[in-house]
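Worth knowing before you read on, the calculation uses all heavy atoms, side chains too, and leaves out hydrogens, waters and symmetry mates. Proteins get letters first, then strands, A, B, ... in listed order; numbering begins at 1 in each.
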2 protein chains.
Amino acid sequence: MTYPKPAVAVDLALITVFEGKLHCLLMRRHDAETVGGDWAIPGGYVHIEEAIEATARRVLRDKVGMSDVYLEQLFTYGAPARDPRERVISVTHFALVAADQLDQVTAENEDLVLAEIRTDWDGETGGIASAIHPDAGTLTLAFDHAFILGDVVKRLRGKLDYTNVALELLPALFTLRQVQEVYEAILGKQLTKPAFRRKLLDRKSIKPTGKHETGSAFRPAELYTRI
Amino acid sequence: MTYPKPAVAVDLALITVFEGKLHCLLMRRHDAETVGGDWAIPGGYVHIEEAIEATARRVLRDKVGMSDVYLEQLFTYGAPARDPRERVISVTHFALVAADQLDQVTAENEDLVLAEIRTDWDGETGGIASAIHPDAGTLTLAFDHAFILGDVVKRLRGKLDYTNVALELLPALFTLRQVQEVYEAILGKQLTKPAFRRKLLDRKSIKPTGKHETGSAFRPAELYTRI
DNA sequence: AGAATAGTGTCTCTCAGACAGTATCTT
DNA sequence: AAGATACTGTCTGAGAGACACTATTCT
């Protein structure tokens, strides 16, 4: 006996830190009334012979125009009514990207915007997130995507202290101050500089390059790179 | 346009600590030659109007005969050839149960056994696990289930120090020594008693009952319970 | 009484936070 | 030279591991 099958999709939260704030790439939907919102994270159906991560990378390439990013499976969302049109199970991933890369794709594609992610809960409590655009204000998110973005923030907060995922949000060369800004954006709180430096350097996951930043108003900081 | 859809299943790793060792419930397959092994963790297809966790609880009830257990989504496995018969995407969960409960179901059902899970890697490195039965020796696992069990161990090791999941593996009343045994079984290494007691009690997630264990050869330990 | 385990007190070492100080670059 | 930020040294308190000690129960 064969059962009717749910559809399987991959949704992709593209995360970056821009001007000291967590941001996410959103895609305009032209069917807002049927899916419950004007904006959504990019996604696509899993093809019958395609690995799940391959779907994620295809969505990244075809819908966003990027490749070679840090990608991680987050959670699989499958509430029967999460998509009002048909049963869709979403194997959701998140990607971590440096801000300059996302700037480029939003400039080239009218339907892609970068929105700030805000949460009104502390630590790893959990809950929904809201997306705020500098011009348009708070964006209405389709499906369960406000909930998904909340889960992304929660996961990132949890992984910060025992992994190096934060470095994926920075360009190839970066200052220690920039790393601290990424941590502060994700955790939503201030950190103390000396303790942060020590912890980061003790981890042996970055190394100094001897080069320094240019164009700074005052003393330029040394540039570091991933090991 | 409609694409051919993959099937979606939920697989369920039922975990317990028995005689100081991590164990897992396995189900005998009668189609070993087509699925690559004699033993598998229980699973079932997601029905078209059924939430994913509801599938997990249905599998738990219908195939194992249990209810009211700690359940958590682990990962979604979707390699195209993981099931040689058809494309099946598995939203895998794990359940944590006290050993006495699993003892009961294996006694009642011939096709269910409790096998020890062993890993040959340290900490949270990751890798496959093997399943060892007291009489039958090493069991051959179907599909990617050796890999999945490895991921379960990895996840449990990671969650031990910042959650109370370990308490789900114990009966309603337990001694501090039993809690330490659970931690040691999961981590695969010895811990020191005074430090362990302090950390556990400082967490305020268990409380003493005033009762003591009976039938012990020597001084009986106090019984604690979850708060 | 002796054996075995339950449970506790203390020392030390490591590590994170806080603060204050020094170094270096631009205007 | 002044100002701003990069970077560092030191103090302190919290917490984990190691060890030794006391307490309690059964044979």
Practice problem: Whole angstrom is fine here: how far is it from CG in Leu201(A) over to P in dA6(D)? | Solution: 14 Å

Quiz prompt | Side-chain N or O of Arg177(B) closer than 4.0 Å to phosphate OP1/OP2 of dA6(C) | solution = no

Self-check item: Between P of dG17(C) and CG of Asp161(A), the distance in whole Å
Solution: 10 Å

Quiz prompt | Aromatic plane relationship, Phe94(B) with Tyr70(B) - under 30° parallel, 30 to 60° tilted, over 60° perpendicular | solution = tilted

Quiz item: Hey, which of these two, Leu176(B) or Pro194(A), hits DNA chain C nearer its 5' end, going by closest nucleotide?
Solution: Leu176(B)

Quiz item: Expressed in angstrom and rounded to an integer, what is the separation of Gln190(B) atom CD from dA18(D) atom C1'?
Solution: 15 Å

Quiz item: Rounded to the nearest 0.5 Å, what separation is found between the CZ atom of Arg157(B) and the CG atom of Asp122(B)?
Solution: 7.5 Å

Quiz item: Can you check side chain to side chain donor-acceptor pair (under 3.5 Å) on Asp11(B) and Thr92(B), steps first, answer last?
Solution: CA-CA 5 Å; Asp11(B) 286 316; Thr92(B) 302; 4.6 Å; no

Quiz item: Between the side chains of Asp151(B) and Tyr77(B), does any donor sit under 3.5 Å from an acceptor?
Solution: yes

Exercise. Starting from C1' on dA6(C), measure out to CD on Gln178(B) and report it in whole angstrom.
Key: 13 Å

Quiz item: Between the base of dG7(C) and the side chain of Arg198(B), is there a donor-acceptor distance below 3.5 Å?
Solution: no

Quiz item: Can you check the Phe196(B) CZ to dA16(D) C1' distance for me, whole Å?
Solution: 13 Å

Exercise. Give the rounded distance in Å between these two atoms: CG of Leu200(B) and C1' of dT8(C).
Key: 16 Å

Practice problem: Show your reasoning for whether salt bridge (Lys or Arg N to Asp or Glu O under 4.0 Å) applies to Glu184(B) and Arg177(B). | Solution: CA-CA 10 Å; Glu184(B) 290 174 341; Arg177(B) 177 73 215 169; 3.8 Å; yes

Exercise. Whole angstrom is fine here: how far is it from CZ in Arg197(B) over to P in dC19(D)?
Key: 19 Å

Quiz item: Is the backbone of Lys159(A) close enough, under 3.5 Å, to the side chain of Thr163(A) for a donor and an acceptor to pair up by distance?
Solution: yes

Quiz item: Hey, does Lys193(B) reach any base, or is it just sugar-phosphate, or nothing, if we go heavy atoms under 4.0 Å?
Solution: base

Quiz item: Does anything in residues 203-227 of chain B reach DNA chain C, meaning a heavy atom under 4.0 Å, and if so which residues?
Solution: Phe218(B), Arg219(B), Ala221(B), Glu222(B)

Quiz item: With no hydrogens and no angle check, do the side chains of Thr209(A) and Thr225(A) hold a donor and an acceptor under 3.5 Å apart?
Solution: no

Self-check item: Spacing between Leu191(B) atom CG and dG17(D) atom P, to the nearest angstrom
Solution: 8 Å

